[in-house]
Amino acid sequence: MAALLEPFVWMLGVVVNIYITVVLADVALHWLVRFGIVDVKNTYVVKIGELLTKATAPVYKKISEKIPAVSGFDFSPFILLLALLFLGRFIYRLDLMLMS
């Protein structure tokens, strides 16, 4: 039975890692725009920003409903990254259990 579950657990871990990368890219792009390093008039930047926002905004919104911004600083990406890292580690340990 474990041999059947192991590929699904592995794939779930891959999806979590990809989403971590998406969240980090979203945060990095927002910082680059905020500090004026990246021009918001560039169509590629706009398209990438829209894509990243569509992928992360629903989750950020759910987190922001529970934990509001403090002094104008939104902790949603940080909390999401912590949750994803925890989930990734849990999946890794589950994968190790299934393999043994």
Side-chain angles (χ1 to χ4, degrees):
M1 182 69 169
L4 294 174
L5 288 177
E6 196 270 331
F8 294 110
V9 173
W10 176 81
M11 185 56 74
L12 186 61
V14 170
V15 169
V16 168
N17 286 334
I18 290 171
Y19 199 68
I20 287 171
T21 305
V22 168
V23 171
L24 289 174
D26 183 53
V27 169
L29 183 64
H30 277 98
W31 283 353
L32 291 173
V33 168
R34 170 76 73 184
F35 293 126
I37 297 170
V38 175
D39 186 17
V40 293
K41 296 177 185 172
N42 186 334
T43 57
Y44 295 115
V45 172
V46 171
K47 294 291 183 186
I48 291 171
E50 288 174 359
L51 179 68
L52 292 173
T53 300
K54 286 180 183 179
T56 57
V59 182
Y60 290 166
K61 184 180 176 188
K62 291 287 186 186
I63 295 171
S64 294
E65 289 172 358
K66 304 291 183 201
I67 303 170
V70 177
S71 299
F73 187 77
D74 186 17
F75 286 100
S76 300
F78 179 69
I79 293 168
L80 179 59
L81 282 173
L82 284 176
L84 288 171
L85 290 171
F86 175 80
L87 183 61
R89 185 66 178 167
F90 177 75
I91 291 169
Y92 173 74
R93 298 298 287 175
L94 184 62
D95 191 32
L96 287 178
M97 279 182 16
L98 289 173
M99 289 179 62
S100 60

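FYI, the numbering just counts along the sequence from 1. Please read all numbers here as calculations on a predicted model, not as lab measurements.
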### Message
Evaluate Asp39 against Val45 for side-chain contact (heavy atoms from CB on, under 4.5 Å), listing each step before the verdict.
### Response
CA-CA 7 Å; Asp39 186 17; Val45 172; over 6 Å; no
### Query
CG of Leu12 to CG of Asn17: how many Å apart, nearest 0.5 Å?
10.0 Å
### Query
Can you name the nearest heavy-atom pair linking Asp95 to Glu6, along with the distance?
OD1-OE2, 2.9 Å
### Task
Verify the cluster assignment for Val70 and Leu81: are they in a single hydrophobic cluster under the rule of side-chain heavy atoms below 4.5 Å apart?
yes
### Message
Within this structure, what is the CG-CG distance for the pair Leu82 and Leu87, rounded to the nearest 0.5 Å?
### Response
12.5 Å
#### Entry: Common cluster, Leu94/Leu5, ILVMFWY with side-chain heavy-atom separation under 4.5 Å
yes
### Task
For Phe73, enumerate each residue passing the ring pair (Phe, Tyr, Trp, His ring centres under 6.0 Å) test, keeping only those at least two apart in sequence or located in another chain.
Phe75
### Shared hydrophobic cluster for Met99 and Tyr92 (ILVMFWY, side-chain gaps under 4.5 Å)
no
### Message
For Val27 versus Pro77, what's the shortest heavy-atom pair and its separation?
### Response
CG2-CB, 3.6 Å
### Query
How far apart are the closest heavy atoms of Tyr60 and Val23, and which atoms are they?
OH-CG1, 3.6 Å
### Query
What distance do Asp26 atom CG and Thr21 atom OG1 have between them, rounded to the nearest 0.5 Å?
12.5 Å
### Query
Can you tell me how far CD1 of Ile18 sits from CG of Leu84, rounded to the nearest 0.5 angstrom?
12.0 Å
### Task
Enter the distance from Ser76:OG to Glu65:CD here, rounded to the nearest 0.5 Å.
10.0 Å
### Query
Measuring from Asp74:CG to His30:NE2, what's the distance to the nearest 0.5 Å?
10.0 Å
### Message
Do Leu32 and Phe35 sit in one hydrophobic cluster, given that two such residues count as connected whenever their side-chain heavy atoms are within less than 4.5 Å of each other, even indirectly?
### Response
yes
### Worked verdict on Ile91 versus Trp10 for side-chain contact (heavy atoms from CB on, under 4.5 Å)
CA-CA 8 Å; Ile91 291 169; Trp10 176 81; over 6 Å; no
### Query
Closest heavy-atom contact between Leu29 and Gly49?
CD2-CA, 3.5 Å
### Task
Check whether Leu85 and Phe78 end up in the same hydrophobic cluster, where Ile, Leu, Val, Met, Phe, Trp and Tyr are linked by side-chain heavy atoms less than 4.5 Å apart.
no
